[in-house]
Protein chains: 2
Amino acid sequence: MMISTRGRYALRVLIDVAEHEKDGYVPMKEVAERQGISLKYLERIVPVLVKSGIVGSIPGKGGGYKLLKAPEDLSLGSILRLTEGDLAPVACLECGAAPCEREYECRTYPLWVEFYRVINEFFDGKTLADVIRTDPADNYSI
Amino acid sequence: MMISTRGRYALRVLIDVAEHEKDGYVPMKEVAERQGISLKYLERIVPVLVKSGIVGSIPGKGGGYKLLKAPEDLSLGSILRLTEGDLAPVACLECGAAPCEREYECRTYPLWVEFYRVINEFFDGKTLADVIRTDPADNYSI
DNA sequence: TAAATTACCTACCGTGTCAATAGGCAATTA
DNA sequence: TAATTGCCTATTGACACGGTAGGTAATTTA
């Protein structure tokens with residue numbers, strides 16, 4: 001398994017915020033309830049979204065979160081890389097990993113590099129706008 | 001990280017066997033030395049390749065392993081699924097996982113399904129023949 | 001001003017998986 | 001007799017995952 005709850009929950013949070021921000025700032029408490037995710041756990045995931053400038057936050061009563069970018073301009077790749085660190089499918093491609101000394105003789109290394117590229121291109125080719133639904137009537141349709 | 005040493009080592013074992021089986025049955029001890037992998041660890045990975053009929057084995061002196069299929073007929077997908085269990089990128093798609101009760105309302109579920117398909121198609125579209133080298137002179141080239 | 005609400009931070013923890021390591025024994029073959 | 005596969009058990013250290021807990025700071029509303 002490759003994409004942990006951090007990345008999956010971050011995505012669901014952003015989708016939830018995007019679908020409810022017409023009501024104003026969206027408090028994380030509401031997101032947690034709607035998504036069935038522990039609020040405390042979300043409180044550890046969301047700050048990175050704020051720091052990166054994806055969402056803005058306002059404290060106090062009536063506060064919450066709001067998207068700072070249009071869903072069309074927010075690639076899923078950037079969200080997942082932010083929360084997962086990277087999307088490397090194997091250890092030798094991970095950010096900060098020591099370069100493998102077998103790299104140049106390894107038959108499989110080019111395979112992983114190509115796969116890594118496919119992964120990034122898949123998620124970079126999709127945006128938040130592709131996964132949200134604006135019409136509430138569609139909520140339970142396929 | 002998604003593909004563990006089990007799958008990566010299995011692939012390297014099969015590549016090594018494919019590249020050396022012209023000398024007869026290839027003992028795992030030699031594979032372990034060439035690949036720089038613990039023999040003991042390989043002994044826990046290889047049996048599944050034998051049981052599935054990918055390689056044949058002969059015990060005793062002069063024994064070892066040999067491919068039972070042509071490299072062109074051996075997809076990397078089948079090898080990896082065999083050793084990794086499955087290539088599911090998220091928990092809710094893993095073999096044997098309880099079906100997610102949010103499946104039909106989840107905005108991200110179709111995304112994971114599509115990604116899962118991309119992964120399988122990537123590895124099913126490649127065979128062992130695509131990653132081995134038959135000319136020893138190419139061993140250290142790019 | 002006071003209460004409520006929310007964001008934000010640090011620390012901790014139980015569970016499980018990963019990646020080996022170690023040792024041994026039986027069967028088979030050159 | 002040496003080499004090799006095949007199979008088994010047990011152990012271990014490191015680490016990530018998923019989550020819990022409690023507290024602090026900032027802001028807004030009443």
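Note that the structure is predicted; figures quoted are calculated from it, not measured. Letters go in sequence order (proteins before strands), and every chain restarts at 1.
Residues that satisfy the side-chain contact (heavy atoms from CB on, under 4.5 Å) test with A/Ala129, not counting sequence neighbours, are A/Pro71, A/Glu72, A/Thr127. For the side-chain contact (heavy atoms from CB on, under 4.5 Å) test, residues two or more places apart in sequence or in another chain that qualify with A/Asp124 are A/Ser75, A/Arg81, A/Asn120. Applying the side-chain contact (heavy atoms from CB on, under 4.5 Å) criterion to A/Lys126, with sequence neighbours excluded, gives A/Leu76, A/Phe122, A/Asp130, B/Leu111, B/Glu114.
In this structure, A/Pro59 and B/Leu39 both approach DNA chain D, and ranking their closest nucleotides by distance from the 5' end singles out B/Leu39. Where A/Lys61 and B/Met28 meet DNA chain D, the nucleotide closest to each residue was compared, and B/Met28 sits on the side nearer the 5' end.
The side chain of A/Thr5 lies closest to D/dG19 when the candidates are D/dT4, D/dG19, C/dA20. Side-chain atoms of A/Tyr41 lie closest to D/dT20 of the nucleotides D/dT20, C/dA7, D/dT5.
Among the heavy atoms of the strands, none lies under 4.0 Å from B/Tyr25.
Listed in residue order, the members of residues 42-58 of chain A having a heavy atom less than 4.0 Å from DNA chain C are A/Glu43, A/Arg44, A/Val50, A/Lys51, A/Ser57, A/Ile58.
Here the P atom of nucleotide C/dT29 and the NZ atom of B/Lys66 are 15 Å apart, to the nearest Å. Between the CD1 atom of A/Ile37 and the C1' atom of D/dT20 there is a distance of 16 Å, rounded to whole Å. Between the CE atom of A/Met2 and the C1' atom of C/dC18 there is a distance of 17 Å, given to the nearest Å.
A/Phe123 and B/Phe115 have their aromatic ring centers within a separation under 6.0 angstrom.
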Residues 24-42 of chain B side chain polar contacts: donor-acceptor under 3.5 Å, at least two apart:
unit_1: B/Arg34; atom_1: NE; unit_2: B/Asp16; atom_2: OD1; d: 3.1
unit_1: B/Arg34; atom_1: NE; unit_2: B/Asp16; atom_2: OD2; d: 3.0
unit_1: B/Arg34; atom_1: NH2; unit_2: B/Asp16; atom_2: OD1; d: 2.7
unit_1: B/Gln35; atom_1: OE1; unit_2: B/Arg12; atom_2: NE; d: 3.0
unit_1: B/Gln35; atom_1: OE1; unit_2: B/Arg12; atom_2: NH2; d: 3.4
unit_1: B/Gln35; atom_1: NE2; unit_2: B/Asp16; atom_2: OD2; d: 3.0
unit_1: B/Ser38; atom_1: OG; unit_2: B/Lys40; atom_2: N; d: 3.3
unit_1: B/Ser38; atom_1: OG; unit_2: B/Tyr41; atom_2: N; d: 3.1
unit_1: B/Tyr41; atom_1: OH; unit_2: B/Thr5; atom_2: OG1; d: 2.9

Please tabulate, one pair per line, all N/O donor-acceptor pairs under 3.5 Å involving side-chain atoms of residues 46-69 of chain A, not counting sequence neighbours.
unit_1: A/Ser52; atom_1: OG; unit_2: A/Val48; atom_2: O; d: 3.2
unit_1: A/Ser52; atom_1: OG; unit_2: A/Leu49; atom_2: O; d: 3.1

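Between the base of D/dG22 and the side chain of A/Lys40 there is a donor-acceptor pair shorter than 3.5 Å.
Regarding contacts with the backbone of C/dA19, every side-chain N or O of B/Arg6 stays at 4.0 angstrom or more from both OP1 and OP2.
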